[in-house]
Amino acid sequence: MDVDKTVKGYYDQILTRNAGEPEFHQAVAEVLDSLKYVLRKDEHYADDGLIQRLTEPERQIIFRVPWIDDNGQVQVNRGFRVQFNSVLGPYKGGLRFHPSVNLGIIKFLGFEQIFKNSLTGLPIGGGKGGSDFDPKGRSDREVMRFCQSFMTELHRHIGDKIDVPAGDIGVGGREIGYLFGQYRRMTGRHESGTLTGKGLNWGGSLVRTEATGYGTVYFTQEMMAAHNERMHGARIIVSGSGNVAIYAIQKAQELGATVVAFSDSSGFVSTPDGVDVELLKDVKERRRERVSVYATEATGATFHEKGNIWDIDADVALPCATQNELDGESAKMLADHGVRYVAEGANMPCTPEAIEVFRKRKIAFAPGKAANAGGVATSALEMQQNASRDSWSFDYTDKRLRDIMRNIFRSCDETAKEFSVEGDYVAGANIAGFRKVADAMLAQGVI
Ligand code: NDP
């Protein structure tokens with residue numbers, strides 16, 4: 001088999017069948033590139049339309065979400081749930097509420113989720129959903145009415161053995177609460193395992209809030225250790241200031257690093273002496289303010305409306321905001337500033353050009369599907385606790401998360417070595433995630 005030609009054929013088909021979805025194309029291109037190594041060794045992974053099936057969602061649901069704002073006006077948003085692949089378990093993946101949401105973005109996130117969930121070693125399939133609703137500037141009552149309308153349709157498609165949504169950008173504890181309440185009302189059942197990220201006194205898990213950020217830092221620790229470096233004393237840039245960023249900052253500083261900058265979509269804050277995490281949480285989680293407010297209240301912090309957060313001296317960069325936020329030019333800046341490690345806390349925050357720069361400049365790079373898998377892994381631990389009507393301690397759950405992240409790192413590292421691309425954690429993650437899903441798909445027949 002001419003692998004390059006076969007893979008190009010798959011990709012051309014993807015472009016034709018999914019026009020106008022650049023993020024989805026980008027996510028598929030990266031995986032297909034890694035799969036060339038697999039297909040050269042094992043042609044049977046091209047059997048039974050496996051790759052074509054893997055790149056086509058099992059089901060895509062698009063629905064109208066009408067709701068009434070505080071002025072009595074009717075607003076109409078669009079809701080999505082893409083149930084991509086359930087070969088390993090029920091679909092699992094977050095909901096994103098952001099004005100940029102469209103089908104292509106949800107498909108890219110759902111596709112990534114298949115491999116990420118496979119890497120966790122837990123029995124969960126891949127899915128993703130969301131809406132173009134923007135919670136920013138909306139009152140709690142408006143958010144509640146939106147969530148109730150969204151769940152009025154979504155409830156018929158989810159369930160603890162079917163599809164288990166969670167949070168993502170714009171969907172935190174408040175939104176999960178409103179969504180769960182409406183699910184309970186629509187079904188008449190208190191089915192805790194249907195949503196994760198729940199409140200602690202109604203089925204939530206300790207560590208779930210912290211899990212993605214903590215997990216990204218645990219993965220980075222492993223990657224640094226493999227290069228005989230420690231996090232203690234490192235200078236770290238973290239983009240974003242949402243759920244993932246805040247807890248990445250907290251864990252990195254607990255481990256002795258100094259976080260020298262963070263951001264939101266209005267600009268970035270430089271913090272050469274480190275971040276006051278309690279103040280940041282108060283500003284972002286409680287008051288829901290912009291990062292400039294942090295800079296006015298903290299000592300030694302400066303807000304920059306213009307400029308580039310990646311243009312700062314550091315050892316490690318953790319992009320934790322959104323897709324394609326770190327491009328080739330920014331990657332060059334990072335390299336020039338001495339950065340030696342990049343781990344994606346967000347999904348696909350680095351462009352292909354940036355990843356190419358990391359390769360050339362020998363910067364160790366961890367893709368999101370491996371580095372940020374701690375969030376969904378802990379969601380799966382929440383499902384385990386719900387199924388057994390149990391709740392675990394913080395320390396025990398955190399230890400499980402740490403072990404899972406260590407295993408994901410080992411799996412990426414060893415798989416890269418097996419395919420003679422040592423240190424290429426992108427290929428390692430894609431191949432390790434793919435093989436488990438592919439073997440199960442071949443075993444379960446043409447579905
Ligand atoms: P949040 O909504 O809590 O925070 C998102 C952060 O990113 C905010 O600081 C936001 O700033 C910033 N941001 C969002 N869009 C943009 C943009 N277009 N330009 C600049 N900044 C932007 O989301 P999360 O922290 O939950 O998610 C962050 C990333 O991590 C996403 O890629 C998500 O898919 C990924 N992820 C999240 C997981 C989780 O458990 N929450 C699990 C795995 C991955 P602003 O407030 O100004 O918009």
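Predicted model only: the values in this text are computed from it and were never measured. Read the numbers this way: they start at 1 and go in the same order the structure lists the ligands and their atoms.
- Given atom 12 (C) of ligand 1, the protein heavy atom at minimum distance is Ala321 CB, 3.8 Å.
- Nearest protein heavy-atom neighbour of atom 33 (C) of ligand 1: Asp168 OD1, 3.1 Å.
- Using a 4.0 Å threshold on non-hydrogen atoms, atom 10 (C) of ligand 1 does not count as touching the protein.
- Distances below 4.0 Å separate heavy atoms of Gly240 from the following atoms of ligand 1: 9 (O).
- When the heavy-atom distances from atom 2 (O) of ligand 1 to Ala166, Gly170, Gly242 are ranked, the shortest goes to Gly170.
- A salt bridge links Lys399 with Asp403: at least one charged nitrogen is closer than 4.0 Å to a carboxylate oxygen.
- Checking each of Arg402, Met405, Lys251 against Tyr214 for a side chain to side chain contact (heavy atoms under 4.5 Å, CB included) leaves exactly one that passes, namely Lys251.
- Looking at Ser265 next to ligand 1, an N or O pair under 3.5 Å apart turns up.
- Exactly one of Arg208, Lys198, Arg400, Lys92 qualifies for a salt bridge (Lys or Arg N to Asp or Glu O under 4.0 Å) with Glu382. That residue is Lys198.
- Contacts with ligand 1 closer than 4.0 Å are made by side-chain heavy atoms of His98 only, the backbone lying farther away.
- Contacts with ligand 1 closer than 4.0 Å are made by no heavy atom of Met348, backbone or side chain.
- Summary of contacts: the protein heavy atom closest to atom 3 (O) of ligand 1 is Asn243 N, 2.9 Å.
- At the shortest separation from atom 32 (O) of ligand 1 among protein heavy atoms lies Asn347 N, 3.1 Å.
- Scanning the protein heavy atoms around atom 16 (C) of ligand 1, the nearest turns out to be Thr322 CG2, 3.6 Å.
- Taking every non-hydrogen atom of Asn372 and a distance limit under 4.0 Å, the qualifying atoms of ligand 1 come out as 43 (C), 44 (C).
- The existence of a salt bridge linking Lys284 and Asp264 is confirmed by a sub-4.0 Å separation between a basic side-chain nitrogen and an acidic carboxylate oxygen.
- Between Lys136 and ligand 1, at least one pair of N/O atoms sits closer than 3.5 Å.
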Pair Phe133, Trp67 - check ring pair (Phe, Tyr, Trp, His ring centres under 6.0 Å), show working. CA-CA 11 Å; Phe133 171 70; Trp67 57 282; 5.3 Å; yes
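- At least one N or O atom of Val244, backbone or side chain, sits closer than 3.5 Å to an N or O atom of ligand 1.
- With a 4.0 Å cut-off on non-hydrogen atoms, Arg96 touches ligand 1 through its side chain and not its backbone.
- In this structure, atom 27 (O) of ligand 1 lies nearest to the protein heavy atom Ile169 CG1, 3.6 Å.
- Annotation: ring pair (Phe, Tyr, Trp, His ring centres under 6.0 Å) contacts involving residues 268-323, sequence neighbours excluded, comprise Phe262-Tyr294, Phe268-His304.
- No salt bridge links Lys332 with Asp311; every basic N to acidic carboxylate O contact stays at or beyond 4.0 Å.
- The contact set between ligand 1 and Ala346, taken as ligand atoms under 4.0 Å from a residue heavy atom, comprises 29 (C), 30 (O), 32 (O), 35 (C).
- Each of the atoms 45 (P), 46 (O), 47 (O) of ligand 1 lies under 4.0 Å from some heavy atom of Arg290.
- At a heavy-atom distance under 4.0 Å, only side-chain atoms of Arg208, from C-beta outward, approach ligand 1.
- Using bins of under 30°, 30° to 60° and over 60° for the plane-to-plane angle, the ring pair Phe24/Phe84 lands in the tilted bin.
- Residue-level proximity to ligand 1 for Cys320 is carried by the backbone, the only part with a heavy atom below 4.0 angstrom.
- From His157, atom NE2 reaches atom CZ of Arg81 across 11.0 Å, with rounding to the nearest 0.5 Å.
- Between Asp168 and Lys128, at least one side-chain nitrogen of the basic residue sits less than 4.0 Å from a carboxylate oxygen of the acidic one, meeting the salt-bridge criterion.
- Note that OG1 of Thr415 and CG of Leu119 are 8.5 Å apart. Values are rounded to the nearest 0.5 Å.
- Note on ring orientation: taking the six-membered ring where Trp is involved, the planes of Tyr425 and Phe409 are tilted (angle from 30° to 60°).
- The two residues Trp392 and Gln385 make their nearest non-hydrogen contact at N-OE1, 2.9 Å.
- Which parts of ligand 1 touch Ser241 is read off a 4.0 Å heavy-atom cut-off, strictly below it: atoms 9 (O).
- By the criterion of a heavy-atom distance under 4.0 Å, the side chain of Thr212, and not its backbone, is placed next to ligand 1.
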